[in-house]
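Report on the following structure.
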Protein chains: 2
Amino acid sequence: MKISTKGRYALRVMVDLASREEGVYTPLRDVAERQGVTVKYLEQIIPLLHRAGYLKSFRGNAGGYRLSKAPANYTVGDILRTAEGSLAPIACLDAEENDCERREICCTLPFWTGLNKVINDYVDGVTLADLLEDWKAHSGDRYAI
Amino acid sequence: MKISTKGRYALRVMVDLASREEGVYTPLRDVAERQGVTVKYLEQIIPLLHRAGYLKSFRGNAGGYRLSKAPANYTVGDILRTAEGSLAPIACLDAEENDCERREICCTLPFWTGLNKVINDYVDGVTLADLLEDWKAHSGDRYAI
DNA sequence: CTATCATACCACTGGAATAGTAGGAATACA
DNA sequence: TGTATTCCTACTATTCCAGTGGTATGATAG
Ligand code: FES
Ligand code: FES
């Protein structure tokens, strides 16, 4: 029941980019350094967010990535689902071509459905802007992403 | 972000046993058949619950397992944590000897802490008795665990 | 115009965890 | 003695995770 590094790093990258000046392209090297991750590994995670249209890229010297929209327009849920695939705690809840035979008689399905709901409600209720604001306010002068 | 088969099967086994007459020992063979899992695999999962004191066992002919306490005394959270280890969505939250260096400066930690809370609050608020009751009421005449 | 450098992009590999299988020893009862 | 059960240990196959090497692209300096 753990979120993988894909999801964790994806979220940190998005917050990192959200903290940069709007419209400016930031190279992965900078993000990797601030976040304590290798550039090579980020290069594997970023495409997930890029393909989903969350980021704009620019190749070549002085290139990099930037957010496509303002931070308030990204929910953490969208980011995590994009990076992780699905946040459903069990596969039986991922409807697509995964129709579990026990659906009708399963004694635990209602419980899992409920868990799925509280998880998704929570992650969809938080935006990048929320994270950034809370964190700026909380860390005070230590603020340095 | 998936619960493994350990946790899923453990929960189903517990509900299955909770549905049996109180105090009676039920052989794994019966549970396995009802739940559509092999006895051999259940034998690997049951010890987790047994060692935690949730089950009483009886060896030999006409032996089996039964719950130690009444269904209302088991929260789903306890069962899942026993089978899965920890329900924390990221390792940084498992305090023990895992003091993440980024704790103080991490922009996503408050978010994960909140997610951890909603998950644990939910799973700790449901008992085996709740599952059993809801399910009996819902499945009506198809009730046959 | 060309060499160079910094960058995004693509493909691959090793290792760990998960999910399941298998054989057999110990125990209780009839 | 036979049978049905828990209990113990090891094995395998597959999937997922984490990380690395190499290529294409674009700006810029000489
Ligand atoms: S096992 Fe698939 S719905 Fe419960
Ligand atoms: S990375 Fe460990 S607390 Fe955020």
Side-chain angles (χ1 to χ4, degrees), chain A residues 1-10 12-13 17 20 24-33 35-68 80 83-92 94 98 100, chain B residues 1-13 17 20 24-33 35-68 80 83-86 89-91 94:
Chain A
M1 187 64 175
K2 289 276 184 288
I3 296 268
S4 75
T5 50
K6 273 207 185 78
R8 300 207 313 274
Y9 291 169
R12 277 163 58 185
V13 166
L17 290 177
R20 315 304 295 170
V24 170
Y25 286 91
T26 306
L28 272 193
R29 178 173 46 79
D30 293 4
V31 179
E33 192 175 351
Q35 297 301 324
V37 191
T38 64
V39 172
K40 280 299 179 184
Y41 194 33
L42 284 192
E43 281 178 347
Q44 191 178 342
I45 294 169
I46 286 264
L48 301 169
L49 302 165
H50 189 204
R51 269 180 248 132
Y54 295 168
L55 298 176
K56 291 203 183 310
S57 68
F58 203 89
R59 296 172 75 158
N61 201 345
Y65 292 94
R66 70 174 179 83
L67 298 187
S68 305
L80 291 180
E84 291 271 321
S86 156
L87 296 180
I90 64 170
C92 307
D94 297 327
N98 191 344
C100 175
Chain B
M1 188 63 175
K2 289 277 185 288
I3 295 271
S4 74
T5 51
K6 273 206 183 80
R8 299 207 314 272
Y9 291 168
L11 184 56
R12 277 163 58 185
V13 166
L17 290 177
R20 315 303 296 168
V24 170
Y25 286 90
T26 305
L28 272 193
R29 179 174 46 79
D30 293 4
V31 178
E33 192 174 351
Q35 297 302 323
V37 192
T38 64
V39 172
K40 280 302 182 184
Y41 196 33
L42 283 192
E43 279 178 347
Q44 197 175 338
I45 294 169
I46 285 264
L48 299 168
L49 301 164
H50 191 203
R51 269 182 246 129
Y54 294 169
L55 299 176
K56 291 203 185 307
S57 68
F58 202 89
R59 297 170 75 160
N61 202 343
Y65 292 94
R66 69 173 179 84
L67 298 188
S68 306
L80 290 181
E84 290 271 321
S86 157
I90 64 170
D94 297 326

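Numbers restart at 1 for each chain; the letters A, B, ... are given by sequence-line order, proteins then strands. For the numbers below, each heavy atom of this structure counts, side chains included, while hydrogens, waters and symmetry mates do not.
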*With respect to the side chain of A/T38, which nucleotide from D/dC7, C/dT21, D/dT20 is positioned closest?*
D/dT20
_Assuming nearest nucleotide by heavy-atom distance, tell me which of A/R8 and B/V39 is located more 5' along DNA chain D._
B/V39
*To the nearest 0.5 Å, how far apart are OH in A/Y25 and CG in A/L55?*
10.5 Å
*Counting only distance, no hydrogens or angles, is the base of D/dG21 paired donor-acceptor with the side chain of A/K40 under 3.5 Å?*
yes
_In this structure, how many angstroms lie between the P atom of C/dC9 and the CG atom of A/L49, rounded?_
12 Å
*Output the single nucleotide from D/dT6, C/dT21, D/dA18 whose closest atom is nearest the side chain of B/Y41.*
C/dT21
*Residue A/R59, side-chain atoms from C-beta onward, closest of D/dT25, D/dC7, C/dA28*: D/dT25
*Start at the 5' end of DNA chain C and walk down; is the nucleotide closest to A/R51 or to A/G63 reached first?*
A/G63
*Using a cut-off of strictly less than 4.0 Å, decide whether A/R29 has a side-chain nitrogen or oxygen near OP1 or OP2 of C/dT7.*
yes
*Nucleotide D/dG19, atom P - distance to NZ of A/K6 in whole Å*: 12 Å
*With respect to the phosphate group of C/dC9, does any side-chain polar atom (N or O) of A/H50 fall under 4.0 Å of OP1 or OP2?*
yes
_Reference residue B/V37; test side chain to side chain contact (heavy atoms under 4.5 Å, CB included); the match among B/L42, B/L28, B/V13_ = B/L42
_Residue pair B/K2 / A/P89, side-chain heavy-atom distance below 4.5 Å_ = no
*CD1 of B/I46 versus C1' of D/dC8: gap in Å, rounded?*
15 Å
*asked:* Under 4.0 Å from OP1 or OP2 of C/dT7: is there any side-chain N or O of A/S57 that close?
replied: no
_Nearest-nucleotide 5' precedence on DNA chain D, B/A62 against B/Q44_ = B/A62
*Would you mind reading off the distance between A/I90 atom CD1 and C/dA19 atom P, rounded to a whole angstrom?*
13 Å
*Has A/Y65 got a side-chain N or O lying under 4.0 Å from the OP1 or OP2 atom of C/dC9?*
yes
_Nucleotide nearest B/N61 when distance is taken to its side chain, options D/dG21, D/dT3, D/dT6_ = D/dT3
*asked:* Less than 4.0 angstrom between a side-chain N/O of B/T5 and OP1 or OP2 of C/dA19, yes or no?
replied: yes
*Modelled atom types, side-chain donor and acceptor of A/T5 and A/Y41, under 3.5 Å*: yes
*Determine: side-chain N/O of A/S4 to OP1/OP2 of D/dC16, distance under 4.0 Å, yes or no.*
no
*Return the value, rounded to whole Å, for the distance between atom OH of B/Y25 and atom C1' of C/dT27.*
14 Å
*Reckon B/Y9 has a side-chain N or O less than 4.0 Å from the OP1 or OP2 of C/dG20?*
yes
_Using whole Å, what does the distance between atom P of nucleotide C/dT18 and atom CE of A/M1 come to?_
14 Å
